[in-house]
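Inspection log for the structure reproduced underneath, given as structure tokens.
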Amino acid sequence: MKNTGAVAEHSHRKCSSLLGLAVFTCGFSLSALAESDPNTCIGVDFDAKRPLTASRVTARPHVNFVKGSDDDAGCPADTEACRKKAFVVPGDIVLTGRTQGAFTCVAYQSFHARKQDWTTGWMSTTSLTPVAPARSPKITDWIGSWTHPGGTISISRGKNGALSIEGEQTYPAVGDAHSGVLGATVAPTQGMIAFADDGSTPFEKGEEGQCLVRMQRVGAWLLVEDNMQCGGSMVTFTGLYRRE
């Protein structure tokens, strides 16, 4: 993807303002802003009842991000005025959230980035093709060391069909760094790894304030999502991880 700097900076500014209002933080959280204005897209929200999905960009030669109403009251729309400079190219993978008319709210991060730097916004739904998660991954499909800008997740074989999961994630902040860790033992069910805190509490029984994590095997990647309660401010494990 090209030309993402301004968009990423805009997302981080939104992040800071939301943090100041004591609501969910970072580009992944739509929260109050999205609820009050459905034409705004500042990231892909966490939904405990619906697993996160990923899509492949399929339109050519490239697909531009589209402004929301927070940028222009008449957006999103298929007009030149609503088209952002930032774009993705065929083959890029984006995380996809809710839809609004002909558009889908997406979040994109280059696999080559050294730190978390997300570009978020609306994108034409017809330019995206969902990537279906593996239906019945084998235990060996999960095992390995997985990397993502800012962090890693290690999955190894445990006892009685369970998997041991350890993860670290860091979000650089001015004059400091916020971090988060995962440490859980859990058995995959229905093609997915899902748990609360250390895995002793089932995902579906997790309570407010607990770290909730869900993992899927999507293509060659490990798709991870959390509720931003697994570390310090701005820390999230959400993203696509590549096996080392």
Side-chain angles (χ1 to χ4, degrees), residues 1 4 8 26-29 43-47 50-57 88 91-97 106-120 130-158 162-172 177-199 203 211-232 234-244:
M1 188 189 69
T4 62
C26 202
F28 290 106
S29 177
V44 178
D45 204 9
F46 175 85
D47 186 342
R50 179 176 57 84
L52 185 61
T53 59
S55 295
R56 187 185 306 275
V57 177
V88 288
D92 283 339
I93 304 295
V94 299
L95 302 184
T96 49
V106 307
Y108 172 81
Q109 179 173 242
S110 170
F111 288 119
H112 303 293
R114 294 186 177 182
K115 62 180 181 179
Q116 290 199 35
D117 188 12
W118 292 89
T119 301
T120 63
V131 182
R135 291 187 176 181
S136 302
K138 300 176 182 177
I139 289 295
T140 53
D141 292 332
W142 299 105
I143 292 174
S145 180
W146 302 85
T147 63
H148 169 73
T152 61
I153 291 177
S154 176
I155 303 178
S156 58
R157 193 184 299 270
L163 293 170
S164 177
I165 300 168
E166 295 183 358
E168 296 183 0
Q169 184 65 247
T170 301
Y171 183 88
H178 303 160
S179 62
V181 296
L182 296 179
T185 300
V186 59
T189 58
Q190 299 181 335
M192 187 179 301
I193 294 175
F195 58 92
D197 288 341
D198 63 358
F203 178 89
C211 168
L212 300 180
V213 180
R214 195 158 42 197
M215 300 180 181
Q216 305 172 72
R217 278 303 315 271
V218 177
W221 308 281
L222 179 70
L223 174 55
V224 180
E225 58 177 317
D226 68 17
N227 62 345
M228 298 195 70
Q229 298 295 312
C230 304
M234 308 291 280
V235 174
T236 178
F237 285 86
T238 299
L240 287 165
Y241 290 67
R242 293 191 297 179
R243 184 186 262 145
E244 289 186 333

Listed pairs under 3.5 Å, donor-acceptor, residues 214-224 side chains, sequence neighbours left out:
unit_1 : atom_1 : unit_2 : atom_2 : d
Arg214 : NE     : Glu225 : OE2    : 2.9
Arg214 : NH1    : Ala48  : O      : 2.9
Arg214 : NH2    : Asp47  : O      : 2.6
Arg214 : NH2    : Arg50  : O      : 3.1
Arg214 : NH2    : Glu225 : OE1    : 3.4
Arg214 : NH2    : Glu225 : OE2    : 3.3
Gln216 : NE2    : Leu52  : O      : 2.9
Arg217 : NE     : Trp221 : O      : 3.1
Arg217 : NH1    : Asp141 : O      : 2.5
Arg217 : NH2    : Gly219 : O      : 3.0

In this structure, CZ of Phe195 is separated from CG of Leu182 (nearest 0.5 Å) by 5.0 Å
Taking atom CD of Glu244 as the centre, report whether more than 12 heavy atoms of other residues, nucleotides or ligands fall under 6.0 Å from it. yes
With rounding to the nearest 0.5 angstrom, report the CZ to OG distance, Arg157 to Ser164. 12.5 Å
So how far is it from Trp142 CH2 to Ile193 CD1, rounded to the nearest 0.5 Å? 4.5 Å
Hey, could you give me the CE/SG distance between Met228 and Cys211, rounded to the nearest 0.5 Å? 11.5 Å
From Tyr171 OH over to Met234 CE, what is the distance, rounded to the nearest 0.5 angstrom? 3.5 Å
For Ser179 and Val235 the tightest heavy-atom approach is N-CG2, 3.7 Å
For Ala184 versus Gly199, what's the shortest heavy-atom pair and its separation? CB-N, 3.9 Å
If you compare all heavy atoms of Ala54 against all heavy atoms of Thr96, which two are closest, and at what distance to 0.1 Å? N-OG1, 4.1 Å
The reported gap from CZ in Phe111 to CG in Leu240 (rounded to nearest 0.5 angstrom) is 5.0 Å
pair Trp118-Leu95: side-chain heavy atoms closer than 4.5 Å: yes
Leu163 and Ile143, any side-chain heavy atoms less than 4.5 Å apart: yes
Among Pro133, Pro51, Pro137, which residue satisfies the side-chain contact (heavy atoms from CB on, under 4.5 Å) criterion with Met192? Pro51
Pairwise side-chain contact, Tyr108 with Asp92, heavy-atom cut-off 4.5 Å (strictly under): yes
Applying side chain to side chain donor-acceptor pair (under 3.5 Å) to Ser55 and not counting sequence neighbours gives none
Please lay out, stage by stage, how His148 and Gln109 fare under the test side chain to side chain contact (heavy atoms under 4.5 Å, CB included). CA-CA 10 Å; His148 169 73; Gln109 179 173 242; 2.9 Å; yes
Minimum side-chain heavy-atom gap Leu212-Phe203 below 4.5 Å: yes
Please determine whether the number of non-hydrogen atoms from other residues, nucleotides or ligands lying under 6.0 Å from atom CZ of Arg243 exceeds 12. yes
Flag the pair Ile153 / Ile165 as yes when at least one side-chain heavy-atom distance between them is below 4.5 Å, and no otherwise. yes
Backbone N/O of Gly183 and side chain of Asp198: donor-acceptor pair under 3.5 Å: no
Does the side chain of Gln169 come within less than 4.5 Å of Val181's, by heavy atoms? no
